[in-house]
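Below is one structure, written out as structure tokens, with a few remarks after it.
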Amino acid sequence: MSLIYDIPGLLDFSTLLLGIVVFLMTYAYVTRPKNLPPGPWSLPIVGNLPTLILAKGKIHHTFGEWRKKYGAIVFFKIGTLNAVCLNDYDVIREAYVRRSDMFGNRPTNLRVVNELFDQKGILSASLSPQWQERRKFVRGGLGFGNRGIEDKVLEEALNMQTELLKTKSKSFNIRRMLQQAVTNVLCSMLFGKRWDYESQTFQDLMESLDVVFHRSSIFFVQENVFPYVPWFLKRGDKKKARLERILEHVRAEIKEHKETFNRDDIRDFIDAFLLEMLNRPDTCTDPDDGAFTDRHLEITVLDLFLAGTETVSTALWWACLLLILNPDIQHKVQEEIEEVIGREGRPTMALRTQMPYTTATVTEIQRYRSASTIGIPHAVPRDTDFYGYTIPKDTLVFGGQWQVHHDPELFPDPEKFNPGRFIDSDGKFKKDEHMMPFSMGPRTCVGKPLADVEVFLLLTFLFQRFNFELPEGARTPSDEGIMGISQAPAPYELVAIPRD
Ligand code: HEM
């Protein structure tokens, strides 16, 4: 009886719901920009987020499916934000290199990023002459300090050796150790100091990096898109709090540097930046427009700290896994190290030219399982014509590095881990211009020279002194990545056996 009475109410409700859905879809259709690249059908408000969330971090695979269906330039929606993914080497090159005046910019419509980074520093700032000056300075300045980069990396390598010997060939997860070594290299370049692995502050920094990199999506997109939904707001704020903790640490270091600054003794990157501010007062007076202001200093250091730690340690974490899964390749790398450096000799970058197989292995690791699969989003600051389509103002642009590195036309049999593809018929290292783990164009990774040194020297040092193996009886770990902001291996354990 009551059901019959309720039917008009139910009808009213479902009619209202239907009306809202029809209205939203009509609104989305009418306001949808015209002449867009092809792409998947999207829902009002949430856009293609359900598909991206169901991809469980493997967004690069979703991009691959879209590429097959829609082509190299695909339009999609992240909530209400417009986005395109570029899935082909030539198309990415066209955007990031030839059309970099448009495509070299960064998004300005992401809440967490805006609130924290404020378009300052390097990473989140859009193109401007001031940004260019800072970038140039950073490129030169990453080598500041009393000792060269190689010394710093080898100092950490020796510390790692001590820690590895303490494991007494027992099974453990090497990830934290790699993260600590790489973070310490950067801390000594930026702050002029390294930390004991046990230090509470250091552990706290590591934990913050974990939250930011492995429990977040690229640029915290969901938290940015739905800041008005309490659950996302809370998630966004949690990550922001972690980033703020790192920033607080950076601020404390800057304060200490200012108190002890001596222009005749430049100790590290912060000192070098402070000196630049003193030498060029014209560039630091205007807080909004200057290239070297206090605010730029703290955000630049934060950028370098964030961008330069997880990326490198993740590359090395992949290296250990892939060389454990391919013991024949590990053996060949060790043979080459032994031939060129010996068991006790000091690895140096100068020796790299004599080590084509090790160089090829490092390159293949970055192709097969790179820490970065879809890059850091770029954005166009106004409506932009591209291959006959119109990319609307503020569209997020993702350069699909994974699609390029796994394109069978460029890298035959791409799912095979094979360093030999980078060796020519004379046994020399063969460079391939399609490799883009650091992206390309004016936005290309500013830390690449440092990353190259760290990855090559740490890998060479570790495999010179240890055999890395799976623990006895352990299940073979998967080499499928897990995506946060970077793509990392699923946690695995290994044993490090000192070589006699
Ligand atoms: C294996 C290690 C690394 C990989 C795979 C990597 C990869 C990348 C990628 C893909 C980008 C985005 C470029 C773009 O937007 O098109 C980037 C940007 C950047 N990286 Fe790296 N990176 C690594 C190590 C480092 C290191 C060691 C540092 C510095 C200490 C660093 C600092 C930066 C900065 C500051 C940016 C922003 C550049 C800009 O927006 O102009 N990276 N990196």
Side-chain angles (χ1 to χ4, degrees), residues 60 86 92-93 95-97 100 103-107 113 117 119-128 130-145 149 152-153 178-179 181-191 213 218-219 268-269 296 299-319 362-363 365-379 396-402 404-405 435-459 481 485-488:
H60 48 295
L86 311 177
I92 299 175
R93 190 165 190 82
Y96 284 11
V97 180
S100 61
F103 286 89
N105 287 284
R106 293 286 189 214
V113 178
F117 295 84
Q119 287 272 310
K120 300 284 186 287
I122 306 283
L123 202 136
S124 60
S126 276
L127 300 177
S128 72
Q130 292 85 347
W131 166 83
Q132 210 158 12
E133 275 195 71
R134 265 192 314 280
R135 219 187 117 103
K136 200 167 143 209
F137 172 80
V138 165
R139 246 202 130 110
L142 275 178
F144 275 106
I149 299 176
K152 286 182 175 128
V153 175
L178 291 169
Q179 201 184 24
V182 168
T183 306
N184 256 339
V185 171
L186 208 58
C187 283
S188 58
M189 294 177 77
L190 297 175
F191 311 135
F213 277 87
I218 292 283
F219 263 36
D268 45 43
F269 181 84
H296 280 306
I299 299 299
T300 303
V301 174
L302 180 67
D303 284 346
L304 294 174
F305 190 80
L306 292 175
T309 46
E310 279 304 298
T311 41
V312 178
S313 62
T314 302
L316 287 160
W317 201 23
W318 274 120
V362 169
T363 310
I365 291 164
Q366 290 178 336
R367 182 201 68 82
Y368 183 74
R369 292 293 182 261
S370 178
S372 169
T373 56
I374 59 172
I376 299 175
H378 292 213
L396 269 57
V397 180
F398 295 89
Q401 294 161 298
W402 175 275
V404 173
H405 292 160
M435 280 297 296
M436 48 168 293
F438 298 94
S439 188
M440 58 173 112
R443 278 281 171 188
T444 192
C445 173
V446 75
K448 179 184 181 302
L450 172 61
D452 283 346
V453 175
E454 289 186 284
V455 172
F456 184 80
L457 290 189
L458 281 167
L459 182 136
I485 283 188
S486 59
Q487 177 188 228

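Counting convention: from 1, in listed order, for ligands and their atoms alike.
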request  = Below 4.0 angstrom from a heavy atom of Trp131, which ligand 1 atoms are there? Numbered from 1 as shown, please.
outcome  = 41 (O)

ask   = To which protein heavy atom is atom 39 (C) of ligand 1 closest, and what is the distance rounded to 0.1 Å?
value = Arg443 NH1, 3.3 Å

inquiry  = Counting only nitrogen or oxygen atoms and a 3.5 angstrom limit, does His378 reach ligand 1?
reply    = yes

key: From CA spacing to verdict: side chain to side chain contact (heavy atoms under 4.5 Å, CB included), Trp402, Arg369   = CA-CA 8 Å; Trp402 175 275; Arg369 292 293 182 261; 3.2 Å; yes

request  = If you have a sec, work out which protein heavy atom is nearest atom 6 (C) of ligand 1 and how many Å separate them, to one decimal?
outcome  = Phe438 CD2, 3.7 Å

task = Considering heavy atoms of the protein only, find what lies nearest to atom 32 (C) of ligand 1 and give residue, atom and distance to 0.1 Å.
result = Ala307 CB, 3.4 Å

message = Can you report which non-hydrogen protein atom sits closest to atom 36 (C) of ligand 1, along with the distance?
response = Leu123 CD1, 4.0 Å

request  = Please test Arg443 against His378 for side-chain hydrogen bond (donor to acceptor under 3.5 Å, both in side chains), starting from the C-alpha separation and ending with a verdict.
outcome  = CA-CA 9 Å; Arg443 278 281 171 188; His378 292 213; 5.7 Å; no

message = Below 3.5 Å, N or O to N or O, backbone or side chain included: is there any such pair between Ser439 and ligand 1?
response = yes

NE2 on His60 to NE2 on His405, rounded to 0.5 Å = 12.5 Å

Where Lys152 and Ser188 come nearest, the two heavy atoms and their spacing = CD-OG, 3.4 Å

ask   = Side chain, backbone, both or neither: which part of Arg106 comes within less than 4.0 Å of ligand 1 when only heavy atoms are counted?
value = side chain

ask   = Where do Ala307 and Leu123 come nearest, in terms of heavy atoms and distance?
value = CB-CD1, 3.9 Å

message = Quick check on contacts: which atoms of ligand 1 are under 4.0 angstrom from a heavy atom of Leu186?
response = 30 (C)

message = Before you tell me yes or no, could you show the steps for Met189 and Leu304 under side chain to side chain contact (heavy atoms under 4.5 Å, CB included), namely the whole-Å CA-CA distance, both residues' side-chain angles and the distance that decides it to 0.1 Å?
response = CA-CA 10 Å; Met189 294 177 77; Leu304 294 174; over 6 Å; no

ask   = From Ile149 CD1 over to Leu457 CG, what is the distance, rounded to the nearest 0.5 angstrom?
value = 10.0 Å

Region of Val138 engaging ligand 1 - heavy atom pairs below 4.0 Å = neither

request  = Determine, stepwise, if the pair Phe269 / Val138 fulfils side chain to side chain contact (heavy atoms under 4.5 Å, CB included).
outcome  = CA-CA 8 Å; Phe269 181 84; Val138 165; 4.0 Å; yes

query = Does Phe305 have a heavy atom less than 4.0 Å from any atom of ligand 1?
reply = no

task = List the closest protein heavy-atom neighbour of atom 11 (C) of ligand 1: residue, atom name, distance to the nearest 0.1 Å.
result = Ile376 CD1, 3.9 Å

key: Gap separating the OG atom of Ser126 from the CD atom of Gln119, nearest 0.5 angstrom   = 4.5 Å

inquiry  = Yes or no: does Ile122 have any heavy atom under 4.0 Å from an atom of ligand 1?
reply    = yes

task = Among all protein heavy atoms, pick out the one at the shortest distance from atom 5 (C) of ligand 1; state its residue, atom name and that distance to 0.1 Å.
result = Pro437 O, 3.7 Å

ask   = Of the listed options (Pro377, Gly447, Pro449), which comes nearest to atom 29 (C) of ligand 1 when hydrogens are ignored and any heavy atom counts?
value = Gly447

inquiry  = Quick check on contacts: which atoms of ligand 1 are under 4.0 angstrom from a heavy atom of Ala451?
reply    = 2 (C), 24 (C)

remark   = for atom 21 (Fe) of ligand 1, nearest protein heavy atom and its distance come out as Cys445 SG, 2.3 Å

message = Go through it in stages, so that I can follow the logic: the residues are Val185 and Val312, the test is side chain to side chain contact (heavy atoms under 4.5 Å, CB included), and I'd like the CA-CA distance, side-chain angles, deciding distance and then a yes or no.
response = CA-CA 11 Å; Val185 171; Val312 178; over 6 Å; no

query = What's the spacing between Thr311 OG1 and Glu454 CD if we round to 0.5 Å?
reply = 8.0 Å

ask   = Could you state the interatomic distance from CD1 (Ile122) to CD1 (Ile299), rounded to the nearest 0.5 Å?
value = 11.5 Å

query = Taking both backbone and side-chain atoms of Asp303, is any N or O found less than 3.5 Å from an N or O belonging to ligand 1?
reply = no

message = Rounded at 0.5 Å granularity, tell me how far CE in Met435 sits from OG in Ser370.
response = 7.5 Å

remark   = protein heavy-atom neighbour closest to atom 41 (O) of ligand 1 works out as Arg135 NH1, 2.7 Å

task = Would you check whether Ser372 has a nitrogen or oxygen atom less than 3.5 angstrom from a nitrogen or oxygen atom of ligand 1?
result = no

ask   = Contact between Gln401 and ligand 1, counting heavy atoms under 4.0 Å?
value = yes

task = Could you pull out, from Thr311, Thr444, Thr314, the option with a heavy atom nearest to atom 2 (C) of ligand 1?
result = Thr311

